[in-house]
Amino acid sequence: MSFEEAANAPGLRWGIIGSGTIANKFAIGLTSATGHTLQAIGSRSAEKAAKFGDAHSIPTRHTSYEALVNDPEVDAVYVATPHPDHKASALLSMGAGKATICEKPLTVNAAETQELIAFSKANNVFLMEAMWPRFQPSYYWIRDQIASGVLGDIRLILAEVGWNSTFDPKSRMYAPELAGGILLDGGVYPVSFASQFLGTPTEIAGFGTLGQTAVDEQGVVNLRYKNGALASIAMTVQTNPLMSARICGTEGTLSMGIYWWPQDVTLHLKGKDPEIVPFEIIGNGYQYEAQEVARGVANGWIESPLMTHAESLSIMETMDTLRSIWGVRYPFE
């Protein structure tokens with residue numbers, strides 16, 4: 001699939017629901033997307049809407065999500081609310097007929113994901129989970145390498161994610177009412193990474209360490225696939241791991257560095273010296289997922305072939321299973 005096709009799709013006028021850290025990253029990213037504009041911000045706080053609008057020179061500031069999604073000057077909406085609000089915000093956006101990209105995880109459980117997918121299909125409106133790594137320029141190349149067979153048969157994926165996070169029982173990382181824990185906030189990245197290259201696992205196992213607020217602070221996960229391939233994943237908010245990832249095939253291995261932000265990828269084929277393949281990333285890289293939404297809109301799709309509805313549902317089902325194994329349940333479920 002062509003990176004250029006997404007980059008050259010007609011730009012969209014964007015609105016953002018939520019004004020937190022991830023919304024800020026998306027807003028910055030849009031400045032590097034040719035033809036795209038940030039038209040409106042929606043927050044339930046007039047003060048936050050004004051502050052965010054001033055920081056990013058946004059012409060329209062709405063003090064309700066309803067007003068933002070019904071703004072006729074907005075073509076597409078980025079949902080950047082806390083995890084438990086994803087479903088309601090995405091339904092609101094799609095209900096107004098807006099192409100919708102929702103920050104990962106798409107929802108907090110598979111039942112909610114199914115609801116969003118059903119609404120997207122019934123109303124013929126675009127919906128995509130904002131899994132930013134897979135839209136980076138390097139990932140197009142990685143997918144092409146794997147499709148070409150240069151790595152042989154993919155047999156093992158290794159990935160880790162985490163950061164040492166100061167304990168605060170009211171923060172999104174630790175509060176059960178905010179769907180806290182490392183799995184949904186960080187672990188979704190390696191689970192999605194493995195899914196991208198190996199599909200849906202047939203067996204799921206793992207250990208989780210629950211902290212003072214009964215959410216998962218660490219986890220190790222093993223996934224087995226129909227063809228016998230395996231994925232081994234580690235996630236934590238108790239330490240600072242290297243956050244690297246490897247795709248291991250019978251003929252070679254692809255390695256990615258910190259947080260899988262691969263400005264370069266190392267290709268190590270059998271009998272050859274490692275080759276570092278460099279990639280240029282413009283801006284902060286968040287614009288690439290906006291460009292994929294534009295490609296979908298231009299083609300009249302309701303989902304992206306790079307982040308399908310079925311895959312988002314499969315990933316959420318895997319995480320539901322892990323939470324069940326670990327004994328993690330949110331109070332609103």
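These figures come from a predicted structure and were not determined experimentally.
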Any donor-acceptor N/O pair, [X] side chain to [Y] backbone, under 3.5 Å:
{"X": "His86", "Y": "Thr81", "result": "yes"}
{"X": "Glu115", "Y": "Ala111", "result": "no"}
{"X": "Ser244", "Y": "Gly257", "result": "no"}
{"X": "Ser255", "Y": "Arg246", "result": "no"}
{"X": "Thr321", "Y": "Glu317", "result": "yes"}
{"X": "Asn299", "Y": "Trp301", "result": "no"}
{"X": "Arg134", "Y": "Leu306", "result": "yes"}
{"X": "Ser148", "Y": "Gln145", "result": "yes"}
{"X": "Asp320", "Y": "Ala110", "result": "yes"}

- Message: Please determine whether side chain to side chain contact (heavy atoms under 4.5 Å, CB included) holds for the pair Trp163 and Asp185, giving the CA-CA distance in whole Å, both sets of side-chain angles, and the decisive distance to 0.1 Å.
- Response: CA-CA 11 Å; Trp163 50 88; Asp185 203 80; 3.4 Å; yes
Do you reckon [X] sits in the same ILVMFWY cluster as [Y], going by side-chain contacts under 4.5 Å, direct or chained?
{"X": "Phe126", "Y": "Leu106", "result": "no"}
{"X": "Ile101", "Y": "Val188", "result": "yes"}
{"X": "Met128", "Y": "Met94", "result": "no"}
{"X": "Leu38", "Y": "Ile28", "result": "no"}
{"X": "Met316", "Y": "Phe332", "result": "yes"}

From the list Thr100, Ile17, Val69, Leu68, side chain to side chain contact (heavy atoms under 4.5 Å, CB included) with Ser89 holds only for Ile17
Of Tyr140, Trp141, Tyr139, the one forming a side chain to side chain contact (heavy atoms under 4.5 Å, CB included) with Phe3 is Tyr140
Carefully, step by step, assess Ile182 and Thr236 under the rule side chain to side chain contact (heavy atoms under 4.5 Å, CB included). CA-CA 6 Å; Ile182 185 59; Thr236 181; 5.6 Å; no
- Query: Any chance the rings of Phe193 and Phe197 have centres within less than 6.0 Å?
  - Reply: yes
Over 12 non-hydrogen atoms of neighbours within 6.0 angstrom of CZ in Phe207:
no
- Task: Look at atom CZ of Arg143 and say whether more than 12 heavy atoms of other residues, nucleotides or ligands are closer to it than 6.0 Å.
- Result: yes
Rounded distance [0.5 Å steps], [atom1] in [X] versus [atom2] in [Y]:
{"X": "Thr31", "Y": "His36", "atom1": "OG1", "atom2": "NE2", "answer": "12.0 Å"}
{"X": "Cys248", "Y": "Ile154", "atom1": "SG", "atom2": "CD1", "answer": "8.0 Å"}
{"X": "Cys102", "Y": "Glu129", "atom1": "SG", "atom2": "CD", "answer": "8.0 Å"}
{"X": "Thr107", "Y": "Asp85", "atom1": "OG1", "atom2": "CG", "answer": "12.5 Å"}
{"X": "Glu177", "Y": "Thr213", "atom1": "CD", "atom2": "OG1", "answer": "8.5 Å"}
{"X": "Ile146", "Y": "Gln196", "atom1": "CD1", "atom2": "CD", "answer": "7.5 Å"}

Over all atoms of both residues, closest heavy-atom pair of [X] and [Y]:
{"X": "Glu292", "Y": "Ser304", "value": "OE2-OG, 2.6 Å"}
{"X": "Val74", "Y": "Gly15", "value": "CG1-N, 3.7 Å"}
{"X": "Ile22", "Y": "Ala80", "value": "CG2-CB, 3.7 Å"}
{"X": "Ser43", "Y": "Lys48", "value": "OG-CB, 3.6 Å"}
{"X": "Thr318", "Y": "Val191", "value": "CG2-CG1, 4.1 Å"}
{"X": "Tyr288", "Y": "Ile282", "value": "OH-N, 3.1 Å"}

| request: Decide side chain to side chain contact (heavy atoms under 4.5 Å, CB included) for Phe279 and Ile142; before the verdict, give the C-alpha distance in whole Å, the side-chain angles of both, and the deciding distance to 0.1 Å. | output: CA-CA 11 Å; Phe279 291 90; Ile142 290 167; over 6 Å; no
- Message: Classify the ring geometry of Phe52 against His56: parallel below 30°, tilted from 30° to 60°, perpendicular beyond 60°.
- Response: tilted
- Measure up the Phe26 and Tyr78 rings against each other and bin them: parallel (under 30°), tilted (30 to 60°), perpendicular (over 60°). parallel
Checklist entry - Taking C-beta and beyond as the side chain, do Met173 and Phe167 meet within less than 4.5 Å on heavy atoms? => result no
Notebook entry, point to check: Can you find a heavy atom in the side chain of Ser192 that is under 4.5 Å from one in the side chain of Lys104?
Noted result: no
Does a salt bridge link [X] with [Y], judged by any charged N lying under 4.0 Å from a carboxylate O?
{"X": "Arg323", "Y": "Glu333", "answer": "yes"}
{"X": "Glu103", "Y": "Lys25", "answer": "no"}
{"X": "Asp71", "Y": "Arg13", "answer": "no"}

Next on the checklist: We want to know whether Gln287 and Ser32 form a side-chain donor-acceptor pair, criterion being a heavy-atom distance below 3.5 angstrom.
Outcome noted: no
- Task: Using only heavy-atom distances, determine whether the side chains of Gln39 and Glu73 contain a donor-acceptor pair under 3.5 Å.
- Result: no
Let me see the working for Leu151 and Leu267 under side chain to side chain contact (heavy atoms under 4.5 Å, CB included), right down to the final yes or no. CA-CA 9 Å; Leu151 296 183; Leu267 174 63; 3.7 Å; yes
